Structures are given as structure tokens and as C-alpha cells.
Amino acid sequence: MDTTKLLSLLRTSISSKSLLKDKLIHKKVVTLGLQNSIALCKNLINFYFSCHYYHYAKLIFKTLEDSLDLSLWNVLMAAYAKNYMFIEALEVFDRLVLHPFLKPDSYKYPSVLKACGGLGRVSYGQLIHTQLIRTGFVLDVVVASSLVGMFAKCKRFDYGIKVFDEMSERDVASWNTVISCYYQEGQAGKALELFGKMRDSGFEPNSVTLTTVISSCARLLDLERGKEIYEEFVKDGIAFDSYVGSALVDMYGKCGCLEMAREVFDRMPVKNVVAWNALIAGYSSKGDSKSCIELFRRMNEEGVKPTLITRSCTLMSCTRSAKLEHDEQDKSSFLECYDIRICDSW
DNA sequence: CGGGGGAGTG
């Protein structure tokens, strides 16, 4: 069996998440003496991460870390960053910095910047920023966007916007990053303004853009504009995914159109917890505790785990309900929700 | 091999 065949087997087992099968493949890799195949090992690392077998992933890396292949280090950092293991990602980066022979490339930076953002380590991010200017890697569009995102996550929006303004090359993702930067800062109007600029500059917005733009309309309670923009996107054939769906449910809910919110929600093929929460929050703001309780029960039945937001919205709607003192059914619903809150850890 | 998206209360 050759490397190509093994790789394709591995990809299939990654998508079907069958660990047993993969262990057999891994054994085969070792017995065939292909453990030095970098490409194969990158796939193995990603596979073990997808099964949360981080220890195995690290072992694979360890057997090859002396091979002077930077991409292997980058794969490991990216895998950690993607799984929110930011400390581990930074540890790999720090070790890489001390490496005597490996010369940096632009792929080394996005993951570590994501980790800095996730940990709020702005001073470390700034240190890297300085290096990026010195080495010229800041000219890479992905590296620069990562910087913008890192500064936004660290609440240093001014720095993020400055980096964006100085970018010599931009793409859809970098525009999305800066639009989201304004949104996160609480400047929804400015986010919409940048969206206009993005289109004027000739970039085609995608579903990521749509999510942020709809959320901005939601925050501004500008239902008309949101609808208008959404219809344009529909005409352009932009995908209606779970992010877009949740943003729409949120917008309709915030604007008090619960029928529309419910309609979008029902149309979502996969209802994630954010969509549930957005709908519950909508009913909660109307003081409709009955609908909140009903949804709270339904999501439990459907196996979607409530979050802190689910519970606070549901409970708030119950306490807001003026009938609570008199209506036995509401009272028991409240207690039910409260009991679950005590049993689960928050 | 890398970057960008959504929910609550006070």
C-alpha cells in the first residue's frame, strides 16, 4: 500500500470519525516504515485532533520534529488554535522561535495571532506585530487580517482598524474582519458603512459578511434595512447557513417580529444553540414566558444543551411574567427551569 | 499548513 492510498483511507476515516479504523491505518503506516512521510503525519495530526486525541497528535509530531519541516509545526499550531487550545499553540510558537535552523514563513503567524486574540494577550501580539513589520510578513493579506482580528479580540479596535487601513492588498475575509471589528466595538452603523465601502471596492460579500451585516441591523433595530440587504443576498444566491439563520432569528426577535423569527427558525435544517437562544431571547423580551418555557423544553428534548444565556432568558421571562404568583402552571415551569439550573453546573 | 460570522442579564 502506498502513501497516496493511505492518505485517502485516512481522509475517509477522518470524515466518518472511525477511530478504530484509523488506529489500524496508523499501525499500517508504522509497519510500512512510512512514518517519515510528512504529508501523512499532518493528516494524522488533524485526524487525532478531530477525535480529541491530542496526546496521539503530539506523539506524531514528536517523532518528526527534528525533520526541519516548518509546515509540520504550523499544522500543530493551527490544530491547537482551531480547538481553542491557545496556551498550547503559544507554547509551540515559543519553542519554534528558539529553533536554531527553522526560518519563519508567513504560515507561522495566523494561528499564533488567533491564540493571542483568544487569550487577550495584546502585548505579545504587539511584539509579533513589530516582528512582522521588520520581516515584511505584514504584507501578506492573511497575516495582516489575523492582526486585525487579534487586535479586535483584545478590544484594541483602533490598532486593528489602523492595520486594515494600511493594508496594501485586501480580500473578502479582510473586509469581513474589519466589519466585524466595528460590530464588536459596538459601532453597528460604522460596520454597515464599511459594508458599503466593501461593495464599492468591488468585493463580493459572502455569508460571513451577511451574518455580521444582519447582526448590525439587529443591533440598530433597523428591520427594513436588514430585510432589504437579505433579499439582495438571496438574489445573489448566497448560502443560507446556520450563522445567517441565527442572525436573522436574532434580528426579527429583537425587532419584535416573533412570527417571522419563528418562521426562519423553522426553516433552519440544523438548529444550533445560538438559534434557540436568539428565539428564546425574542420571546423573553416580549414577556412571553409560555413560549420560552415551551422552547426550553423542546430544546432539551431535541438534545441541544442549554447554555447560560438560555437559562437567564427563560428565567427572566418567568420572573417578568406578572401572572407568576397566580398561575400554577407558570410557577411549576419556573421551578422546573430553576431546578435544572441548580442540577447542571453553570 | 494560515485569517473572517451568531445568542443573555445587570
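In what follows, chains carry the letters A, B, and so on, assigned in the order in which the sequence lines appear, proteins first and then strands, with residues in each chain numbered from 1. None of the values given here were measured: they were computed from a predicted structure. Below, each value reflects all heavy atoms present in this structure, side chains not excepted, and no hydrogens, waters or symmetry copies.
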### Message
Can you list everything that forms a side chain to side chain donor-acceptor pair (under 3.5 Å) with A:K62? Sequence neighbours excluded, please.
### Response
A:E65

### Task
Look at the side-chain N and O atoms of A:K254 and state whether any lies under 4.0 Å from the OP1 or OP2 oxygen of B:dG8.
yes

### Query
Which one of A:Y182, A:W175, A:F157 satisfies the ring-ring contact (aromatic ring centres under 6.0 Å, His included) criterion with A:F164?
A:W175

### Nearest-nucleotide pick for A:Y243, side chain only, options being B:dA7, B:dG3, B:dG5
B:dG5

### Query
With a 4.0 Å cut-off on heavy atoms, is A:V141 in touch with a base, just the backbone sugar-phosphate, or nothing at all?
base

#### Entry: Atom-pair distance (CG on A:L70; C1' on B:dG2), nearest Å
11 Å

#### Entry: Phosphate OP1/OP2 of B:dC1 contacted by A:K42 side-chain N/O (<4.0 Å)
no

### Query
What parts of residues 192-206 of chain A reach DNA chain B, counting only heavy atoms under 4.0 Å away?
A:N206

### Query
Which residues pass the side chain to side chain donor-acceptor pair (under 3.5 Å) test with A:Y53, sequence neighbours left out?
none

### Message
Does A:K108 reach a base, just sugar-phosphate, or nothing at all? Heavy atoms under 4.0 Å.
### Response
nothing

### Query
Does A:R267 count as lying over the ring of A:F240, i.e. NZ or CZ under 6.0 Å from the six-ring centre, within 45 degrees of the axis?
yes

### Query
Which part of the nucleic acid, if any, lies within reach of A:V172 when heavy atoms closer than 4.0 Å are counted: base, sugar-phosphate only, or nothing?
base

### Query
Is the phosphate of B:dG5, meaning OP1 or OP2, less than 4.0 Å from a side-chain N or O of A:K153?
yes

### Query
Given B:dC1, is OP1 or OP2 found less than 4.0 Å from the side-chain N or O atoms of A:K82?
no

### Query
So, is A:Y283 close to the B:dG8 phosphate, meaning a side-chain N or O under 4.0 Å from OP1 or OP2?
no

